[in-house]
Amino acid sequence: MASSSFQAPKGTRDIFAPQSTRQRTLIDLFADTVERANYGQISTPIFEEIGVFLRLGESTDVVTKEMYDFEDKDGRHMALRPELTASVVRAFVQHRPTLPWKVWYEGPQFRYEKPQAGRYRQFTQVGIEALGTSDPELDVEVISLAADFYQRLGLRDVTLLLNSLGDPTCRPAYLEALETYFRDRIGDLSEQSAVTLETNPLRVLDSKRPQDQPIIDDAPLMADYLSPELTEHFGRVRSGLDQLEVSYELSPRLVRGLDYYTLTTFEFAANALTSSQNAVGGGGRYDGLAASLGGPDTPGIGFALGVDRILLACDAEGTFPEPTTAPDVFVIDVSGANVALSLTAELRTAGFTADRAWDNRSMKAQMKASDRSGAPYGLIIGEDEVAANSVTVRDLRGDTGQQLVARDDLISTLLGLLDPK
RNA sequence: GUGGUCGUAGCUCAGUCAGGUAGAGCACCGCGUUGUGGUCGCGGAUGUCGCGGGUUCAAAUCCCGUCGGUCACCCCA
């Protein structure tokens, strides 16, 4: 803790068992959920040419203020990925897989933000992206998969917020109306919102300042400006969600932070999280992104879910507990003959998880260690056992006592007592 | 990035208001005789009181700075 010693960089943390095990379990559950829908895993580099991310939008903090960018030794301007959609679409444009293309991912992302609980400079997201069709039923599939996943985790109090942001054919008229509306009231807006208005009127809707609320409440709605086709698309998304019994709230003010979103946009808020960092996931359509990255004009939709925040929400709801990690057996060796060394290796080869005590400690100390390990059985080897070429198998959890087992029968005896992992 | 708040043993915290050079619980280690843990009893180790500077005879305690956590805004997962 002294200033001369190192600590994890601001906004980052060390995660170890059992939390790390829990995180991996969560990711496994996510993989299972989306692989049932035929999404395949994609793994992209953790850094890209910065241009890949500049398409996220010039009015977003993620791009303008929060990028971890650097020059590599050849002078290329690179950046650690602040999100994964852009990387996935870059991979799509580069490889041109057959359509529709459905992928899922997990991994760390980086944003230079001021940290807070649930907001880190390195954070983990899981997500999916699907490119190649504008079918509104794809929107429904994507959204419902996220909802399914929360449900499988045991999260109950998650609200799905839904909106349509229009597209280049109808959004400009809305933006104009919105800008005019806010300009007429700029004197009543907060200073911050007045600045935001200059770069992106849409995002003023996102302001949480009390001063802005009455003005935002009466602002024009995108829904009134959607083209007939998009109104139809949005209607089919909603009826599809109804059909699958995925409940949602229409949220006409929902504005996503990244500029590439079009049409369907959504966000999941965990109500158990009391802080303002309660968005545990979000996503939407980005029909122009592939083209803007130099590829064919291909529609796409996806979402990203914040693993760190989801786990905080699980804690708040008291669900998805940490897995208990205990070995099957724990070896106590007081023989002075190094039996533990070969015995643990033999047990592991046979499929058991096995740990042991070290440093030739006393019987009492080794028994204590075995108890603490959580293992259901302790294997005791002393001089007597060595002489009899056997092992004492002791029940550490129940009351069945202990039995002397011939070394040759040990594995089969243990197989009768527990299932190897 | 702006503002608030907190920072004492591995963990949770008391002590800070009224300055006199560190405590509790849990965890850890050992002992309770001959090879047996979990309960109990006894004993033990561990902190330059986040870091740096200032005021003072004297600072965990007061002042300034800094780093980190956290809360609100901002932003977003």
Side-chain angles (χ1 to χ4, degrees), chain A residues 1-13 56-57 59-66 82-85 106-127 146 190-193 195-196 200 203-204 206-212 254-258 267-270 273-283 303-313 330 332-336 357 359 361-375 377-386 392-399 401-402:
Chain A
M1 285 224 210
S3 65
S4 58
S5 66
F6 295 111
Q7 55 185 309
K10 180 172 179 167
T12 70
R13 28 205 199 122
L56 304 181
S59 67
T60 67
D61 282 4
V62 169
V63 168
T64 56
K65 299 198 283 198
E66 298 177 354
E83 59 116 53
L84 263 159
T85 303
E106 59 87 13
Q109 284 139 81
F110 307 85
R111 293 180 196 171
Y112 195 90
E113 295 199 84
K114 182 154 176 178
Q116 234 167 278
R119 188 167 84 176
Y120 308 102
R121 289 185 172 181
Q122 176 176 336
F123 57 100
T124 301
Q125 288 186 334
V126 295
S190 65
E191 213 173 301
Q192 186 69 41
S193 290
V195 173
T196 306
N200 188 343
R203 194 155 298 114
V204 175
D206 227 5
S207 167
K208 287 179 196 158
R209 292 164 187 274
Q211 180 187 351
D212 298 329
L254 175 66
V255 176
R256 303 283 309 150
L258 304 168
E267 197 167 292
F268 292 90
L273 292 179
T274 51
S275 78
S276 57
Q277 320 298 327
N278 71 339
V280 290
F303 63 68
L305 314 181
V307 169
D308 316 87
R309 282 187 195 176
I310 288 172
L311 289 174
L312 288 174
F330 194 95
I332 297 126
D333 180 1
V334 288
S335 69
D359 298 320
R361 299 222 284 156
S362 70
M363 177 96 189
K364 187 185 176 98
Q366 293 197 42
M367 283 302 296
K368 256 186 118 147
S370 71
D371 182 55
R372 196 163 34 221
S373 76
Y377 292 96
L379 304 183
I380 303 170
I381 301 99
E383 288 172 17
D384 295 351
E385 282 81 359
V386 170
T392 294
V393 177
R394 179 168 177 74
D395 181 3
L396 296 172
R397 298 289 153 244
D399 51 7
Q402 59 191 45

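Letters go in sequence order (proteins before strands), and every chain restarts at 1. For the numbers below, each heavy atom of this structure counts, side chains included, while hydrogens, waters and symmetry mates do not.
- Comparing the same atom, C1', in B/A45 and in B/G52 gives a spacing of 30 Å after rounding to whole Å.
- Residues meeting the side-chain contact (heavy atoms from CB on, under 4.5 Å) test with A/Leu396, sequence neighbours left out: A/Met367, A/Ser370, A/Arg394.
- Residues that satisfy the salt bridge (Lys or Arg N to Asp or Glu O under 4.0 Å) test with A/Arg372, not counting sequence neighbours, are absent from this structure.
- With sequence neighbours excluded, the residues forming a side-chain contact (heavy atoms from CB on, under 4.5 Å) with A/Asn278 are A/Ala269, A/Leu273, listed by chain and number.
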Inset, instruction - Indicate for each nucleotide in nucleotides 36-44 of chain B, in 5' to 3' sequence, whether protein heavy atoms under 4.0 Å reach the base (B), only the sugar-phosphate (S), or nothing (-). - result: BBS------

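- Under the side-chain contact (heavy atoms from CB on, under 4.5 Å) criterion, A/Lys208 pairs with A/Ser276, sequence neighbours left out.
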Legend entry - Per-nucleotide protein contact string for nucleotides 68-77 of chain B (B base, S sugar-phosphate only, - none; heavy atom under 4.0 Å): SSSBBBBBBB

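- The partner of B/U66 is B/G50, by the rule that a Watson-Crick or G-U pair needs both atom distances under 3.5 Å.
- Backbone-only engagement by A/Arg361 is indicated by non-hydrogen atom pairs under 4.0 Å involving sugar-phosphate atoms exclusively.
- The cationic group of A/Arg121 lies under 6.0 Å from the six-membered ring centre of A/Tyr112 and within 45° of the ring axis, placing it in a cation-pi geometry.
- Looking at residues two or more places apart in sequence or on another chain, you find a salt bridge (Lys or Arg N to Asp or Glu O under 4.0 Å) between A/Asp308 and A/Arg13.
- Partners of A/Glu385 by side-chain hydrogen bond (donor to acceptor under 3.5 Å, both in side chains), not counting sequence neighbours, listed by chain and number: A/Thr392.
- Remark: A/Val334 engages A/Met363, A/Gln366 in a side-chain contact (heavy atoms from CB on, under 4.5 Å) (not counting sequence neighbours).
- Under the Watson-Crick or G-U wobble criterion, with both distances below 3.5 Å, B/U55 is left unpaired in every strand shown.
- In this entry B/G1 has B/C73 as its Watson-Crick or G-U wobble partner, both defining distances falling under 3.5 Å.
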